[in-house]
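Beneath this line is the structure, given in structure tokens, with notes to follow.
Only a predicted model underlies this, so the values are computations on that prediction, with no experimental measurement involved.
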Amino acid sequence: MPSKPQELDAEWYKIGLAAPARRALVDARLYRVSDLRKISEQDLANLHGMGKSAMARIKQIMRAKKIKFLD
């Protein structure tokens, strides 16, 4: 497991998320797109720092990778 904050959010940085959204994901221990299977869409949207554009980008990437939120 990477240890530095910039390594923890590397995948989120690569897909173009803003810093507040990246911090929210790392704080929730969601380090990779595949980790989003562990959280519901509503819980993700409720994270402090997760805005509409970040949600839209995440959903776009999830569709491309055929990953679904927790029901």
Side-chain angles (χ1 to χ4, degrees):
M1 177 62 66
S3 59
K4 296 179 191 164
Q6 61 268 34
E7 291 173 356
L8 293 175
D9 76 354
E11 186 160 335
W12 305 124
Y13 183 83
K14 277 191 267 181
I15 66 171
L17 295 185
R22 294 195 314 264
R23 282 192 298 271
L25 289 159
V26 170
D27 288 349
R29 296 186 173 153
L30 301 166
Y31 307 112
R32 311 178 66 80
V33 175
S34 58
D35 290 340
L36 295 170
R37 291 181 177 110
K38 301 186 281 188
I39 192 170
S40 71
E41 182 176 351
Q42 188 60 52
D43 287 343
L44 182 66
N46 288 338
L47 293 177
H48 180 74
M50 193 58 58
K52 289 180 184 176
S53 63
M55 285 297 295
R57 182 71 179 128
I58 285 170
K59 287 192 227 176
Q60 179 184 32
I61 295 294
M62 288 176 73
R63 274 193 303 274
K65 293 184 178 230
K66 295 181 170 50
I67 293 171
K68 296 192 185 292
F69 287 110
L70 184 68
D71 286 333

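Between Ile58 atom CD1 and Glu41 atom CD the span is 10.0 Å, to the nearest 0.5 Å. Distance check: Met62 CE to Ser34 OG gives 10.0 Å after rounding to the nearest 0.5 Å. Leu36 contributes atom CG, which lies 12.0 Å from atom NZ of Lys59 (distance to the nearest 0.5 angstrom). Between the CD1 atom of Ile15 and the CG atom of Asp9 there is a distance of 10.5 Å, given to the nearest 0.5 Å. Distance check: Arg23 CZ to Leu8 CG gives 13.5 Å after rounding to the nearest 0.5 Å.
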Exercise for review: Output, in order, the C-alpha distance, side-chain angles, deciding distance and verdict of side chain to side chain contact (heavy atoms under 4.5 Å, CB included) for Ile61 and Ile67.
Suggested key: CA-CA 8 Å; Ile61 295 294; Ile67 293 171; over 6 Å; no

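Residues Phe69 and Gln42 form no side-chain contact, since every pair of their non-hydrogen atoms from C-beta on lies 4.5 Å or further apart. Taking the side chain as every heavy atom from C-beta outward, Leu25 and Leu44 approach each other to under 4.5 Å. In this structure, the side chains of Val33 and Trp12 come closer than 4.5 Å at one or more pairs of heavy atoms. Contact check for Asp27 versus His48: no side-chain heavy atoms found under the 4.5 Å cut-off.
No side-chain donor-acceptor contact under 3.5 Å links Arg57 to the backbone of Leu17.
Side-chain polar atoms of Gln60 and Arg63 form no donor-acceptor pair below 3.5 angstrom.
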